[in-house]
Amino acid sequence: MIKTRFAPSPTGFLHVGGARTALFNWLFARHHGGQFVLRIEDTDQVRSTAESAAGILEDMLWLGLNWDEGPQVGGKKNGYFQSMRLAIYEEYLQQLLKEDRAYEAYESPQELAAMRKACEAAKRPFRYRRNMPGRSKAGAGPAVLRFEMPHEDITFQDEILGPITVKADEHDDIVIRKSDGFPTYHFAVVVDDHLMGITHVLRAQEHLMNTPKHLGLYKALGWTPPHHAHMPLVFNMDGTKMSKRDKTRAARQGLAAYASRQKDPDYRLLAERAAVPVEVIAAFVGKKNEDTQLAQKLAAAIGVELPEIDVQDFRRSGYMADALLNFIALVGWSPGEDREILTRDQLLQLFSLGGIGKTNGRFDRKKLAWMNGEYIRAASPDVLLQALNGFLAVSDYPLAGANEELKRDLLEMYKERTGTFGEMAHNAVFFFEEPQYDAKAVTKHVITPEAQSFLSQSLALLEPVHDWTLAGLESAMERVLSLGEKRGAAAQALRVALSGGPVSPPLLQTIVALGRDRTLSRIKANIRPT
RNA sequence: GCCCUCAUCGUCUAGAGGCCUAGGACACGGGCUUUUCACGCCUGUAACUGGGGUUCGAAUCCCCAUGAGGGCACCA
């Protein structure tokens with residue numbers, strides 16, 4: 001039986017790249033009726049956090065990537081956090097030690113750095129090997145355990161890339177137990193993959209050069225290694241790595257633009273408005289702080305959108321999980337036909353390793369937004385409402401205060417014209433708050449004599465209506481649209497008066513959703529005495 | 001620097017020697033529809049990195065060059 005795993009390290013949120021790795025593993029296992037394991041690789045005591053692990057689980061579940069074994073599933077309590085499995089690793093560490101395949105090494109990090117630097121200066125690659133000259137003797141510092149890599153070429157068959165060979169003199173005796181007693185990633189991953197019965201390791205290509213090391217360990221431990229497949233990486237549209245730094249960078253750019261635009265060079269006004277101390281903002285701008293939460297907060301205060309990097313970001317922007325999954329699946333994989341919109345079931349049915357390409361891809365947010373729009377348009381009202389509520393729970397828009405019926409109506413009128421729930425919620429703010437009037441639109445569509453006349457006449461036509469429904473307003477609206485010489489001439493005046501700008505859903509629906517009081521008072525407010 | 005991998009429209013990709021005057025999707029341009037914006041429909045621009053081979057025939061196979069990416073941690 002096929003068994004795959006996704007093994008994130010809990011040092012941050014679930015990144016879209018990680019989500020894709022998880023998805024492919026999940027699809028591969030499920031397609032073949034196998035099992036999917038989730039394992040938390042928290043062997044880095046400094047950077048791992050419990051909150052991060054919890055966040056990753058939550059994001060996995062939001063995406064619908066459920067696991068057969070892992071945290072909260074599969075019986076063995078805590079058995080899927082590597083930090084809880086130290087005794088297991090120690091057992092195999094001792095085995096290697098006893099068989100003389102592992103040995104202690106005593107160089108301090110500083111010494112190693114100096115050795116690397118010396119090699120670099122001599123234009124020679126640095127390789128730590130047991131038989132190299134000048135190794136430190138046992139001394140004051142705590143020791144690490146290194147694995148003596150075989151002195152032979154290692155070749156393996158990558159299920160995506162084909163045969164990969166690394167020559168004997170390229171090997172390095174990797175550290176397998178750190179001085180804090182924790183195993184390194186290389187060791188823990190091999191032991192766990194073996195013990196958990198993983199048959200296929202599907203991971204990002206950045207791990208390609210790790211595989212020979214792992215194969216060396218499998219051999220030394222006397223185990224049959226799993227199949228390996230390395231998938232291409234995903235980058236930003238400009239070819240840079242998708243990293244959380246993209247968010248802080250975008251926030252800084254936004255802040256700089258804000259400072260000159262709003263004449264707030266010291267961010268004193270912003271500090272007050274965002275309730276963030278001036279010093280904190282200064283530290284952030286001065287790159288002394290890479291806190292993405294802070295970046296998010298400041299960006300929100302100045303109305304700047306940060307690029308989505310983590311699954312949570314996409315969730316907060318109002319993407320649907322299925323759309324995100326569908327899009328991510330298509331970066332690096334293709335079903336081999338001209339098909340793009342694929343349901344979860346279709347993905348499951350069509351997925352195969354053979355469909356995974358070899359070339360790195362770029363993350364085209366425009367296409368994702370289009371695809372999400374397709375999902376929004378295709379979803380049933382119930383599914384859509386549920387997804388919208390999920391979005392509203394993790395974001396902050398006045399739309400959250402609407403009752404379910406109004407949400408349904410707004411969804412109905414916005415689904416044809418929106419890519420994300422965030423975009424919709426943003427555009428629909430005028431239903432809940434007084435509109436921010438766009439000066440240009442007002443000049444062009446509201447204060448002209450003709451427009452003023454249209455507004456007065458519209459008011460006269462609408463005010464007598466008390467049955468404020470689509471049916472009740474239909475004939476009055478029909479007459480409003482007939483005002484002027486050209487049909488629809490009055491529409492823009494009304495649209496700007498009601499929404500604040502030149503763009504809105506169709507007027508009739510807008511007026512119904514807005515309600516009688518707001519509609520009439522906004523029209524009145526825009527009729528100016530001459 | 002050394003090692004590894006990759007290479008089709010701006011982007012994601014189809015393509016497993018003749019079906020390719022290279023197909024689809026996003027984006028972009030034009031048009032239709034239209035109370036705005038969208039949606040929808042029609043339509044256009046746009047690619048096999050270069051050079052050598054192999055072959056009757058190459059986007060597809062081989063070699064070299066170039067370019068891009070990854071790796072070279074007591075991070076994973």
Side-chain angles (χ1 to χ4, degrees), chain A residues 7-11 41-44 46-48 105 107-109 112-113 116 119-120 122-127 142-146 158 160-162 164-167 169-170 172 174-180 182-186 188-189 203-212 230 232-235 237 239 241 327 330-341 354 357-371 373-374 377 414-419 427 441 445 477 480-482 486-492 494-496 499 501-508 510:
Chain A
S9 65
T11 55
E41 309 216 320
D42 55 349
T43 51
D44 184 337
V46 178
R47 298 196 300 154
S48 299
E107 290 78 11
S108 68
L112 288 169
R116 284 193 189 92
C119 279
E120 197 180 322
K123 300 204 167 186
R124 289 187 41 211
F126 174 66
R127 309 258 186 269
V144 298
L145 224 50
R146 283 184 187 266
D158 188 282
I160 293 170
L161 299 171
I164 305 286
T165 300
V166 172
K167 300 214 174 55
D169 58 6
E170 296 295 330
D172 213 24
I174 51 171
V175 172
I176 51 178
R177 186 178 66 194
K178 308 181 221 179
S179 55
D180 67 1
F182 270 54
T184 58
Y185 157 73
H186 296 301
V189 80
R203 72 213 327 185
Q205 232 174 73
E206 61 199 17
H207 284 291
L208 188 60
M209 290 297 100
N210 289 335
T211 304
H230 292 91
L233 272 17
V234 185
F235 296 93
M237 280 304 277
K241 236 179 183 162
F327 177 77
L330 260 22
V331 182
W333 174 79
S334 163
E337 304 167 44
D338 294 334
R339 301 177 63 183
E340 304 231 85
I341 303 289
K358 301 178 176 183
T359 55
N360 294 159
R362 298 185 184 208
F363 198 92
D364 187 348
R365 288 188 174 73
K366 283 197 175 156
K367 185 161 183 175
L368 169 61
W370 162 78
M371 189 172 277
E374 291 291 300
R377 264 159 249 137
Y414 273 104
K415 71 179 190 185
E416 302 294 327
R417 62 200 87 239
T418 196
N427 290 333
H445 299 295
M477 262 313 289
V480 168
L481 291 176
S482 304
K486 212 176 93 200
R487 181 181 159 77
Q492 280 310 77
L494 210 49
R495 191 182 312 282
V496 176
S499 74
V503 176
S504 84
L507 278 173
L508 179 53
T510 299

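Sequence lines set the chain letters: A, B, ... in the order given, protein chains first and strands last, and positions in each chain run from 1.
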Taking all atoms of both residues into account, what is the closest heavy-atom pair of A:Leu507 and A:Met477, and its distance? CB-CE, 3.8 Å
Go through the steps to decide whether A:Phe235 and A:Lys241 satisfy the test side chain to side chain contact (heavy atoms under 4.5 Å, CB included), and finish with yes or no. CA-CA 5 Å; A:Phe235 296 93; A:Lys241 236 179 183 162; 4.2 Å; yes
Please report the shortest heavy-atom distance between A:His186 and A:Ile174, naming the atom on each side. CB-CD1, 3.7 Å
Could you run down nucleotides 63-76 of chain B 5' to 3' and tag each one B, S or - for protein heavy-atom contact under 4.0 Å? ------SBS-SBBB
Are the side chain of A:Ser504 and the backbone of A:Arg495 linked by a donor-acceptor contact shorter than 3.5 Å? no
Establish whether the base of B:rA27 is bridged to the side chain of A:Lys366 by a donor-acceptor pair shorter than 3.5 Å. no
Protein-nucleotide distance (A:Met371, atom CE; B:rC26, atom P), rounded to Å: 9 Å
Identify, with sequence neighbours excluded, every residue that meets side-chain hydrogen bond (donor to acceptor under 3.5 Å, both in side chains) alongside A:Asp158. A:His230
When you compare B:rG24 with B:rC20, how far apart are their C1' atoms, in angstrom units rounded to a whole number? 14 Å
Taking the same atom, C1', in B:rG17 and in B:rU54, what whole-Å distance lies between them? 11 Å
State whether the side chain of A:Arg417 and the backbone N or O of A:Pro505 hold a donor-acceptor pair below 3.5 Å, judged by distance alone. no
Provide the distance between the two C1' atoms, one in B:rG70 and one in B:rG51, to the nearest whole Å. 27 Å
Do the rings of A:His207 and A:Tyr185 sit parallel, tilted or perpendicular, given the 30° and 60° boundaries? tilted
Give A:Gly332 one of three labels, base, sugar-phosphate or nothing, depending on what nucleic acid heavy atoms sit under 4.0 Å from its own. sugar-phosphate
Measure the distance from NZ on A:Lys123 to C1' on B:rG1 and round it to the nearest whole Å. 7 Å
With sugar-phosphate taken as primed atoms, P, OP1 and OP2 and all else as base, the protein-contact string of nucleotides 31-45 of chain B at under 4.0 Å (heavy atoms; B, S, -) is ----BBBBSS-----
Please report the distance separating the C1' of B:rU60 from the corresponding atom of B:rU55, rounded so that it comes out in whole Å. 13 Å
Testing B:rG24, B:rC6, B:rC26 for proximity to the side chain of A:Asp338, the answer is B:rG24
Nucleotide forming a Watson-Crick or wobble pair with B:rA16, both distances under 3.5 Å: none
Is there a donor-acceptor pair under 3.5 Å between the side chain of A:Arg127 and the backbone N or O of A:Glu170? yes
Using atom P in both nucleotides, what's the gap between B:rG18 and B:rA59 to the nearest angstrom? 11 Å
Interatomic distance, A:Trp333 CH2 vs B:rA14 C1' [rounded to whole Å]: 13 Å
Applying a 3.5 Å limit to both distances, which nucleotide forms a Watson-Crick or G-U wobble pair with B:rC41? B:rG31
At under 4.0 Å, does any side-chain N or O of A:Lys358 touch on OP1 or OP2 of B:rC6? yes
Partner of B:rC61 by Watson-Crick or G-U wobble geometry, both contacts under 3.5 Å, or none? B:rG53
Rounded off to whole Å, could you give me the NZ-to-C1' distance for the A:Lys167 and B:rU5 pair? 14 Å
Here the pair of heavy atoms bringing A:Pro502 nearest to A:Ala441 is CD-CB, 3.9 Å
For B:rA7 versus B:rG15, give the span between their C1' atoms, rounded off to a whole number of Å. 15 Å
Would you call A:Glu340-A:Lys367 a salt bridge at under 4.0 Å N-O? yes
With C1' as the reference atom in both, quote the distance from B:rG67 to B:rC48 in angstrom, rounded to an integer. 16 Å
Report the base-pairing partner of B:rG10 (Watson-Crick or G-U wobble, both distances below 3.5 angstrom), or none. B:rC26
Between the side chains of A:Arg203 and A:Thr211, is a donor N or O closer than 3.5 angstrom to an acceptor N or O? yes
Which part of the nucleic acid does A:Thr165 contact within heavy-atom distance under 4.0 Å: base, sugar-phosphate only, or nothing? sugar-phosphate
Using a cut-off of 4.0 Å on non-hydrogen atoms, how would the nucleic acid contact of A:Ile164 be classed: base, sugar-phosphate, or nothing? sugar-phosphate
Using the P atom as the point on both nucleotides, what is the distance between B:rG50 and B:rU8, in whole Å? 11 Å
Roughly, in whole Å, what's the span from CD in A:Glu340 to C1' in B:rU13? 7 Å
If pairing requires Watson-Crick or G-U wobble contacts with both distances under 3.5 Å, which nucleotide is the partner of B:rC2? B:rG71
